[in-house]
Amino acid sequence: ETGVTQSPTHLIKTRGQQVTLRCSSQSGHNTVSWYQQALGQGPQFIFQYYREEENGRGNFPPRFSGLQFPNYSSELNVNALELDDSALYLCASSLEEGQETQYFGPGTRLLVL
Amino acid sequence: GESVGLHLPTLSVQEGDNSIINCAYSNSASDYFIWYKQESGKGPQFIIDIRSNMDKRQGQRVTVLLNKTVKHLSLQIAATQPGDSAVYFCAENSLMEYGNKLVFGAGTILRVKS
């Protein structure tokens, strides 16, 4: 157990809709990263938050956005959903900014129809 | 661009045998690497890590070897058990202007036959 939880576990949406995924980091971990994992592939970095500020972003469009809250929870928001957004979304927490070891939650499986 | 890749997409081993999973990375400046295990329906689970100032690191039944000359990592699992069946990823730490991200390869499926 990593102490990182995510909700919901599964979600079905249709194209054009918006979705919010939630993550609760391990207590004391003030850095959270989000990854997208397509079927049969490794996780791809979306962005990272540290002390409620985005401090790095991968190759994802602006319709992917996030928030981090003081209570170690965070959100991933995706607007205007596309079929290719269907994937497992993972959040990972680490103790401090730049601390390399990241501990992953179980993920949210999103299906876009 | 940066990439981390694996040589073998699927590895089948007999229970009790040793397993070796290989990984190549492209960024010679990388100084930290992690192996993760991902079981079906779960998130990646940290197994072992290694820094670039080391060639070898051992854990419980697992050993990671790092060859910086050829930019190659391997994960050795001793006395492989059915519970080791999973997808294994190597990940390379990549520094950003602020913070860090992990760059993953595609993964190797390990199947343990009883």
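Numbered from 1 within each chain, the chains take letters A, B, ... in sequence-line order. As the structure is a computational prediction, the values presented were derived from the model and not from experiment.
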* Is there a side-chain contact between A:Phe45 and B:Ser94, using heavy atoms and a 4.5 Å cut-off? -> no

* Give a yes or no on this: more than 12 heavy atoms of other residues, nucleotides or ligands lie within 6.0 Å of atom CG of A:Leu83. => yes

* **Heavy-atom pair with the smallest gap, counting every atom of B:Pro44 and A:Phe104** => O-CB, 3.4 Å

* Would you give the length of the straight line joining atom CD of A:Gln102 to atom CG of B:Asn93, rounded to the nearest 0.5 angstrom? => 7.5 Å

* **Segment of A:Tyr35 engaging chain B (4.5 angstrom heavy-atom cut-off)** => side chain

* Asked: Linking I/L/V/M/F/W/Y whenever any side-chain heavy atoms sit under 4.5 Å apart, do B:Met54 and B:Ile48 land together?
  -> yes

* Name the option with the most non-hydrogen atom pairs under 4.5 Å to chain B; the candidates are A:Gln41, A:Gln44, A:Gln37, A:Arg109. => A:Gln37

* Asked: Once you round to the nearest 0.5 Å, how far does CG of B:Asn100 lie from OH of A:Tyr50?
  -> 12.0 Å

* To do: Take B:Met96 and A:Phe47, measure what side-chain contact (heavy atoms from CB on, under 4.5 Å) needs, and give me the verdict at the end.
  => CA-CA 11 Å; B:Met96 303 182 291; A:Phe47 43 55; over 6 Å; no

* Answer yes or no: does atom CD of B:Gln14 have more than 12 heavy-atom neighbours from other residues, nucleotides or ligands under 6.0 Å? => yes

* To do: Using the rule that two of Ile, Leu, Val, Met, Phe, Trp, Tyr join whenever any of their side-chain heavy atoms come within less than 4.5 Å, decide whether A:Ile12 and A:Leu81 are in one cluster.
  => no

* Hphob cluster co-occupancy, A:Tyr72 + A:Trp34, side-chain heavy atoms under 4.5 angstrom -> no

* Side chain, backbone, both or neither of B:Gln45 within contact of chain A (heavy atoms, under 4.5 Å) -> neither

* Asked: Checking B:Ile34 against chain A: side chain, backbone, both or neither under 4.5 Å from a heavy atom?
  -> side chain

* Asked: Does B:Phe104 share a hydrophobic cluster with A:Phe60, counting links as ILVMFWY side-chain heavy atoms below 4.5 Å and allowing steps through other members?
  -> no

* Cluster question for you: counting only ILVMFWY and a side-chain heavy-atom cut-off of under 4.5 Å, with indirect links fine, are B:Leu65 and B:Ile47 together? -> no

